A.B. asks: 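Once you've had a glance at the structure underneath, I'll fire off some questions.
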Amino acid sequence: MTAEETLYQFIAAIPFGNVATYGQLARLAGRPNAARWVGRTLKHLPKDTKLPWHRVINAQGKISFPENSEPWNVQKDKLADEGILLHNGRIRLKDFQWQC
DNA sequence: GAGATGACCATTG
DNA sequence: GCAATGGCCATCT
């Protein structure tokens with residue numbers, strides 16, 4: 001099981017209606033300080049991936065795309081479908097962050 | 001091999 | 001809450 005595969009497993013395991021941060025997933029995958037590695041890995045995902053990549057946000061509860069950009073809107077919509085709404089441009093981690 | 005870059009984080013003031 | 005700072009990992013030039 002490579003670190004990447006482990007990462008995919010954890011992303012797939014994020015429950016509906018919850019989100020996880022880059023640093024959190026990095027830790028779970030066994031790379032405590034590799035948040036950037038998580039971001040890089042996500043960017044490499046095929047566009048037809050089954051992974052809920054939209055549930056991955058940064059530690060500030062914000063979407064890591066320029067606001068109102070195309071991917072930003074896609075992610076926002078998917079989150080809204082799960083009842084996760086942006087409050088002042090960011091997500092309330094306190095309410096939605098995955099506890100594991 | 002050095003420097004820049006990127007879907008980042010924790011700490012500090 | 002926000003900005004600056006230093007750190008992290010992998011890739012590209």
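Please read all numbers here as calculations on a predicted model, not as lab measurements.
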A.B. asks: Mind calculating the distance between CD (A:Q60) and P (B:dC9) to the nearest angstrom?
C.D. replies: 7 Å
A.B. asks: From the set B:dC9, B:dA7, C:dC9, return the single nucleotide nearest to any side-chain atom of A:A34.
C.D. replies: C:dC9
A.B. asks: How many Å lie between CG on A:N58 and P on B:dG6, as a whole number?
C.D. replies: 16 Å
A.B. asks: Of the nucleotides B:dC9, B:dA7, C:dC9, which has the atom closest to the A:W37 side chain?
C.D. replies: C:dC9
A.B. asks: Closer than 4.0 Å, any side-chain N/O of A:R27 to the OP1 or OP2 of B:dC8?
C.D. replies: no
A.B. asks: To the nearest angstrom, how far is A:I91 atom CD1 from B:dC8 atom P?
C.D. replies: 14 Å
A.B. asks: Side-chain contact test, heavy atoms from C-beta onward, threshold under 4.5 Å: evaluate it for A:P66 versus A:W72 and give yes or no.
C.D. replies: no
A.B. asks: So do A:I11 and A:L42 actually touch side chain to side chain, heavy atoms under 4.5 Å?
C.D. replies: yes
A.B. asks: A:L93 CG to B:dC9 C1': how many Å, rounded?
C.D. replies: 13 Å
A.B. asks: Are A:R31 and C:dC8 close enough that a side-chain N or O sits under 4.0 Å from OP1 or OP2?
C.D. replies: no
A.B. asks: Whole angstroms only, please: what is the CD-P distance between A:E67 and B:dA7?
C.D. replies: 17 Å
A.B. asks: Can you label the angle between the A:F65 ring and the A:W53 ring as parallel, tilted or perpendicular, going by 30° and 60°?
C.D. replies: perpendicular
A.B. asks: Hey, what do you get for NZ (A:K78) to CD1 (A:I84), rounding to the nearest 0.5 Å?
C.D. replies: 12.5 Å
A.B. asks: Rounded to the Å, how far apart are A:K62 NZ and B:dC9 P?
C.D. replies: 11 Å
A.B. asks: Look at all strands and tell whether A:R36 reaches a base, only sugar-phosphate, or nothing, counting heavy atoms closer than 4.0 Å.
C.D. replies: base
A.B. asks: Choose from C:dG1, C:dT11, B:dC9 the nucleotide whose nearest atom is closest to any side-chain atom of A:R40.
C.D. replies: C:dT11
A.B. asks: On the six-membered ring of A:W37, is A:R31 placed so that its NZ or CZ lies under 6.0 angstrom from the centre and within 45° of the ring axis?
C.D. replies: yes
A.B. asks: When you get a sec, tell me which of C:dG1, B:dA7, B:dA10 is the closest nucleotide to the side chain of A:R90?
C.D. replies: C:dG1
A.B. asks: Return the nearest nucleotide to the side chain of A:W53; candidates are B:dC8, B:dA7, C:dA10.
C.D. replies: B:dA7
A.B. asks: For A:L42 and B:dC8, give me the distance from atom CG to atom P, rounded to whole Å.
C.D. replies: 10 Å
A.B. asks: Return the value, rounded to whole Å, for the distance between atom NZ of A:K43 and atom C1' of C:dC9.
C.D. replies: 13 Å
A.B. asks: Quantified in whole Å, what is the P atom distance between nucleotide C:dT5 and nucleotide B:dA7?
C.D. replies: 22 Å
A.B. asks: Which of these nucleotides, C:dC8, B:dC8, B:dA7, is closest to any side-chain atom of A:N33?
C.D. replies: C:dC8
